[in-house]
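First up is the structure itself, then whatever we jot down about it.
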2 protein chains.
Amino acid sequence: MIRVLLAEDQSMVREALATLLGLEEDIDVVAQVARGDEVVAAAREHAVDVALLDIEMPGLTGIDAAALLRKELPQVKVVIVTTFGRPGYLRRAMEQGADAFLVKDAPAAQLADAVRRVVLRGEKVIDPTLAAAALAEGADPLTARERDVLRAAADGAVNSEIARALHLSEGTVRNYLSTAIQKTRARNRSEAVRIAREKGWL
Amino acid sequence: MIRVLLAEDQSMVREALATLLGLEEDIDVVAQVARGDEVVAAAREHAVDVALLDIEMPGLTGIDAAALLRKELPQVKVVIVTTFGRPGYLRRAMEQGADAFLVKDAPAAQLADAVRRVVLRGEKVIDPTLAAAALAEGADPLTARERDVLRAAADGAVNSEIARALHLSEGTVRNYLSTAIQKTRARNRSEAVRIAREKGWL
DNA sequence: TCCTGGGGATGACAGATGTCATACCCGCAC
DNA sequence: GTGCGGGTATGACATCTGTCATCCCCAGGA
């Protein structure tokens, strides 16, 4: 019996997925959490074999939770289950030790299949198309600080506000944004944000 | 037996929800579609009692599909099931004749419950908190044209590009954006887009 | 030691954005 | 006929954004 932890912030979706998996004879969903920062404690408490992690969750992203699991409970397998198959997400997930990466566009049957493959056979499970795209895309070109500034600018913040929030001068904010705009080959901050998001860099 | 159509673009989520509902003795998911523009044909073909519609789908939004259903198959009940309980979404959904409005943050049990209430008892099902927020929010202040321009500006398009796309002069684009920025009480287009999206106006 | 990369800052400047005033058109309701 | 709302446009102008040059600091690797 494979013991599964499910981390997904939308209750309805999480419970539906738990129900789906619960119908499998060899799979038992023993824990469900709605926040990324609850993953490690729940995995430990319930002695799970594998954690199914959404990426965009409150408290901690699924990718960051995967990194924590790898450090604290390295025997636990990690399956990322996400809405967007963004190259940067895939790359970061695999870097942080994830064993599988699935998008919610995939047929539901792939979920139980992936769980069995990673737990019983120690396989890595990634859609070849996604893998190819991520490899072709290359690494995130933004530095940590550029990402900070771009993230801060994402929803309409003006430079003075970003400067205050990140303890920078306004000129430095403009520089970082300019660099981010160029690295993403965008024309302005809004487009840079969109591109960085699409690629999973933000 | 309540015959249900499920419209949701993410296969995994859709199939999990279908499985969940399929466990109910009185509910039968007889059709599933991944695109908004397939809703009416499927509802007609499968003679469904109720359509469960996600909002953000390719081809047609769930809200627009609801309007079409109301027109073409007025006996079919409509339950909107959405990620975001945005006031504008709720308002528009109810205006277009939806019978229920659920967010995916709600417990899964609410789904079957809502289905029974709208089909068997003709009730309207809305979370009172969401209803109160939508009523307090007031109507979308943007004109159709302002929404067009704001939507076009959403991901980094420059004014000249928007003008070309919408067959306007650049000055007119600036005017519409300026008005949209003021109506949303934003400081710039990016913030206006965020606010309009959060309220479900875009 | 030198070089590179990342972080940070200042200053000058061109171009894009946003505001406001003004004007015109059309359709609809009273 | 008048007024209102929505759509469209021009022009002037202030401010914000983005670019570029230049400089400084630190850490790490060759």
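Residue numbers start from 1 in every chain, and the chains themselves are labelled A, B, ... in the order their sequence lines are given, proteins ahead of strands. Values in this document were obtained by computation on a predicted structure and should not be read as measured data. Any value given below was found using the heavy atoms of this structure, including those in side chains, with hydrogens, waters and symmetry copies removed.
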Practice item. Name the residue closer to the 5' end of DNA chain D, choosing between B/Asn188 and B/Lys183 according to the nucleotide with the nearest heavy atom. Key: B/Lys183
Check your understanding: Atom CG of B/Leu177 to atom P of D/dT8: distance rounded to whole Å?
Key -> 13 Å
Exercise for review: Give the minimum heavy-atom separation between B/Glu170 and B/Ser160, together with the two atoms involved.
Suggested key: OE1-CB, 3.5 Å
Check your understanding: Does a nitrogen or oxygen in the side chain of B/Gln182 sit under 4.0 Å from OP1 or OP2 of C/dC20?
Key -> yes
Practice item. Rounded off to whole Å, could you give me the CZ-to-P distance for the B/Arg174 and D/dA12 pair? Key: 12 Å
Review point. Hey, what do you get for CD (B/Gln10) to OG1 (B/Thr83), rounding to the nearest 0.5 Å?
Key: 7.0 Å
**Study point:** Among C/dT19, C/dT17, D/dT8, the nucleotide that comes nearest once only the side chain of B/Leu168 is considered
**Key:** D/dT8
Check your understanding: Side chains of B/Gln182 and B/Ser178: is there a donor and an acceptor less than 3.5 Å apart?
Key -> yes
Review point. Would A/Arg164 and A/Glu161 pass as an ion pair if we require N to O under 4.0 Å?
Key: no
Point to revise | CD on B/Gln32 to NE2 on B/His46, rounded to 0.5 Å | key: 10.0 Å
Study note, to complete from the structure: For B/Gly62 and B/Leu53, the nearest pair of non-hydrogen atoms, with its separation, is O-CD1, 3.3 Å
Practice item. Take atom CG of A/Leu166 and atom C1' of C/dG8, then tell me their distance rounded to the nearest Å. Key: 13 Å
Review point. Roughly, in whole Å, what's the span from CD in A/Glu191 to P in C/dA16?
Key: 14 Å
Review point. OP1 or OP2 of D/dA9 sitting under 4.0 Å from any side-chain N/O of B/Ser169?
Key: yes
Exercise for review: Tell me which residues in residues 138-163 of chain A put a heavy atom below 4.0 Å from DNA chain D, sorted by number, or none.
Suggested key: A/Val158, A/Asn159
Exercise for review: Count the heavy atoms of every other residue, nucleotide or ligand shown that sit under 6.0 Å from NZ of B/Lys71, and state whether that count exceeds 12.
Suggested key: no
Check your understanding: Going by atom types only, do A/Thr172 and A/Asn175 share a side-chain donor-acceptor pair under 3.5 Å?
Key -> no
Review point. To the nearest angstrom, how far is B/Tyr176 atom OH from D/dG6 atom P?
Key: 10 Å
Under 3.5 Å, which N/O atoms of the protein pair with N/O atoms of nucleotides 21-29 of chain D?
none

Check your understanding: For A/Arg185 and D/dG18, what is the distance between atoms CZ and P respectively, to the nearest whole Å?
Key -> 18 Å
Review point. Whole Å only: how far is the CZ atom of B/Arg189 from the C1' atom of D/dT15?
Key: 14 Å
Check your understanding: In whole angstrom, what separates B/His167's NE2 from D/dG7's P?
Key -> 16 Å
Check your understanding: Looking only at side chains, do B/Ser190 and A/Ser190 share a donor and an acceptor under 3.5 Å apart?
Key -> yes
